[in-house]
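Letters go in sequence order (proteins before strands), and every chain restarts at 1.
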There are 2 protein chains.
Amino acid sequence: MSFKVSAENALLGILMTGPKHGYDLHGYVSTKMNQFWDLSMSQIYALLKRMERNGVVVSQEEWQENRPAKNIFSITQKGKERFLRWVSTPVEHVRDVRIEFLAKLFFVRKLHLKEGLTLIDKQIDVLQEKLRVIENLKEKITDEFETVLYSFKASQTTAALNWLRECKASFSQDQKKGIG
Amino acid sequence: MSFKVSAENALLGILMTGPKHGYDLHGYVSTKMNQFWDLSMSQIYALLKRMERNGVVVSQEEWQENRPAKNIFSITQKGKERFLRWVSTPVEHVRDVRIEFLAKLFFVRKLHLKEGLTLIDKQIDVLQEKLRVIENLKEKITDEFETVLYSFKASQTTAALNWLRECKASFSQDQKKGIG
DNA sequence: TTTAAAATATTCCAAATTGGAATAAGAATC
DNA sequence: GATTCTTATTCCAATTTGGAATATTTTAAA
């Protein structure tokens, strides 16, 4: 999953909250998602152009009196489907948790999607399998540097798994509160 | 520290073991460093060209009978100094440990550099400070998602610190063995 | 009050990066 | 013998990158 695809989906996620123009999207990322995501103005416009070509957004120019005209982008049905598929798919690697998985979690919460617990469970499954593979490899290697390397991978994966279990616990509490 | 600078320094590190041509450098990365580093053939040649412009390597064409000519690259004194500065500098973020710090550790061991323990100590200091900042911020936030976010950062940083301490222990043993 | 800086909103721009393919011939495999 | 792989480097075109440019209004600073 390349950064480009994730970035498109993040913009789709923001547009799930309502139509926005490029400058506004940039403001949203810079203020509400800045702790785990960064997109330059150029990137946003380049992404939006390609996204419109791909039919996941449509734009409408809006004239205003004392300011440059805005190009308001709205998400299409195709865009919604694509976003929902993305947001409910676990990331493949620990290294993708810090940005991509956190973005998914952000949108799950922000949009009150019911896929939250499922996403976390699926993510736990993916990382447990990764950990199993790592521990397996660890037993087979003899080179000292490789031992260090896989030890690092194992420790990061274990920490991520523990964190995910915490997420699951606090998310379950949120769901209960929702019912009450 | 951008990927480009790290990649240049990794190539310098390989050239510390002796002169090599581009194709050979690619082979080295693909076989001996492939678990934590990946460089395409294009990237290698683009990097080498820039590095020669910057005076950290020099090249000499070597004709061979049944094969295309090779361009053998050697590291300059300037290149050595740059490499040694890089290899003894801790990385700034946890996210840089998985590639850049591991590369530094790889070269420290491969080249029997005496900077190993110092590097690990310095890296521990950097990450402890990071952890302090994270824990500090954690106490100040009220937003639930941010709590989750910083909890993740803290857990990854803690795991990396624990791993570094293990590295330090096993590296100290290596040093003792060296004396004996 | 005047001047300077920031905001609004999008496009422009040129250098760098990317992910192969191309090149030509020998060596290895089927 | 035919096919595929290896050797070694350059070529290539699309994409990405990191701002600047644009023109005007609004806001902040002097």
Side-chain angles (χ1 to χ4, degrees), chain A residues 1-11 14-15 18-34 37-54 56-74 95 99-100, chain B residues 1-11 14-15 18-34 37-54 56-74 95 99-100:
Chain A
M1 179 67 67
S2 72
F3 177 76
K4 184 185 65 175
V5 174
S6 300
E8 287 187 7
N9 278 291
L11 292 185
I14 302 170
L15 291 173
K20 287 181 168 49
H21 58 289
Y23 195 85
D24 218 359
L25 285 163
H26 183 258
Y28 194 101
V29 171
S30 301
T31 55
K32 297 196 163 64
M33 298 171 66
N34 65 326
W37 204 283
D38 180 52
L39 279 180
S40 69
M41 200 76 85
S42 293
Q43 281 174 304
I44 287 185
Y45 283 101
L47 286 166
L48 287 170
K49 186 170 288 188
R50 181 170 49 237
M51 285 158 77
E52 193 164 24
R53 265 196 329 256
N54 291 339
V56 294
V57 294
V58 290
S59 67
Q60 180 159 38
E61 186 167 280
E62 185 176 288
W63 183 86
Q64 49 188 350
E65 191 169 334
N66 291 329
R67 287 291 190 215
K70 303 178 182 179
N71 235 341
I72 308 288
F73 287 86
S74 305
R95 67 177 182 255
I99 297 189
E100 197 182 337
Chain B
M1 179 65 68
S2 73
F3 177 76
K4 183 184 66 175
V5 173
S6 301
E8 286 187 9
N9 278 290
L11 292 184
I14 301 171
L15 290 173
K20 287 180 168 50
H21 60 289
Y23 193 86
D24 217 0
L25 284 163
H26 182 258
Y28 194 102
V29 172
S30 302
T31 55
K32 297 195 163 64
M33 298 172 64
N34 65 324
W37 205 282
D38 181 52
L39 278 180
S40 68
M41 198 73 87
S42 293
Q43 283 175 301
I44 286 186
Y45 283 102
L47 286 166
L48 287 172
K49 185 170 294 188
R50 181 170 50 236
M51 285 157 76
E52 193 165 21
R53 270 198 324 257
N54 291 338
V56 295
V57 295
V58 291
S59 67
Q60 182 162 38
E61 184 165 285
E62 184 176 292
W63 184 86
Q64 49 188 351
E65 191 168 335
N66 290 330
R67 285 295 190 210
K70 304 177 183 182
N71 236 338
I72 309 287
F73 287 85
S74 305
R95 66 180 183 253
I99 297 187
E100 197 182 335

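Residue whose closest nucleotide on DNA chain D sits further toward the 5' end, between A:Arg50 and A:Asn66: A:Arg50. Comparing A:Pro68 and A:Lys49 by the nucleotide of DNA chain C whose heavy atom lies nearest to each, the residue mapping closer to the 5' end is A:Pro68.
The CG atom of B:Asn9 sits 10.5 Å away from atom CG of B:Leu47, with the distance rounded to the nearest 0.5 Å. A:Glu8 CD to A:Ile44 CD1: the interatomic distance, rounded to the nearest 0.5 Å, is 12.5 Å. A:Lys49 contributes atom NZ, which lies 9.0 Å from atom CZ of A:Phe73 (distance to the nearest 0.5 angstrom). Atom CH2 of B:Trp63 and atom CD of B:Glu65 lie 5.0 Å apart (nearest 0.5 Å). To the nearest 0.5 Å, atoms OH (B:Tyr28) and CG (B:Leu11) are separated by 11.5 Å.
The distance from atom CG of A:Leu47 to atom C1' of C:dT11 is 15 Å, rounded to the nearest whole Å. If you take CD of A:Gln43 and P of C:dT17, they are 15 Å apart, rounded to a whole angstrom. The distance between atom CD1 of A:Ile72 and atom P of C:dA9, rounded to the nearest whole Å, is 8 Å. Protein atom CD of B:Glu61 is 14 Å distant from nucleotide atom C1' of D:dT7, rounded to whole Å. Rounded to whole Å, the distance from CD on A:Gln64 to P on D:dT24 is 15 Å. In this structure, A:His26 atom NE2 and D:dG18 atom P are separated by 12 Å, rounded to whole Å. Between B:His21 atom NE2 and D:dT6 atom P the separation is 14 Å, expressed in whole Å. With rounding to whole Å, B:Met41 atom CE is found 15 Å from C:dG19 atom P.
The base of D:dG19 is paired with the side chain of A:Ser42 by a donor and an acceptor separated by under 3.5 Å.
Among D:dT9, D:dT7, C:dA9, the nucleotide with an atom closest to any side-chain atom of A:Arg67 is C:dA9.
An OP1 or OP2 oxygen of C:dT10 is reached within less than 4.0 angstrom by a side-chain nitrogen or oxygen of A:Tyr45. Contact check, B:Tyr23 against D:dT9: no side-chain N or O comes under 4.0 Å of OP1 or OP2.
No engagement by A:Ala46 is indicated, since no non-hydrogen atom pair under 4.0 Å with the nucleic acid exists.
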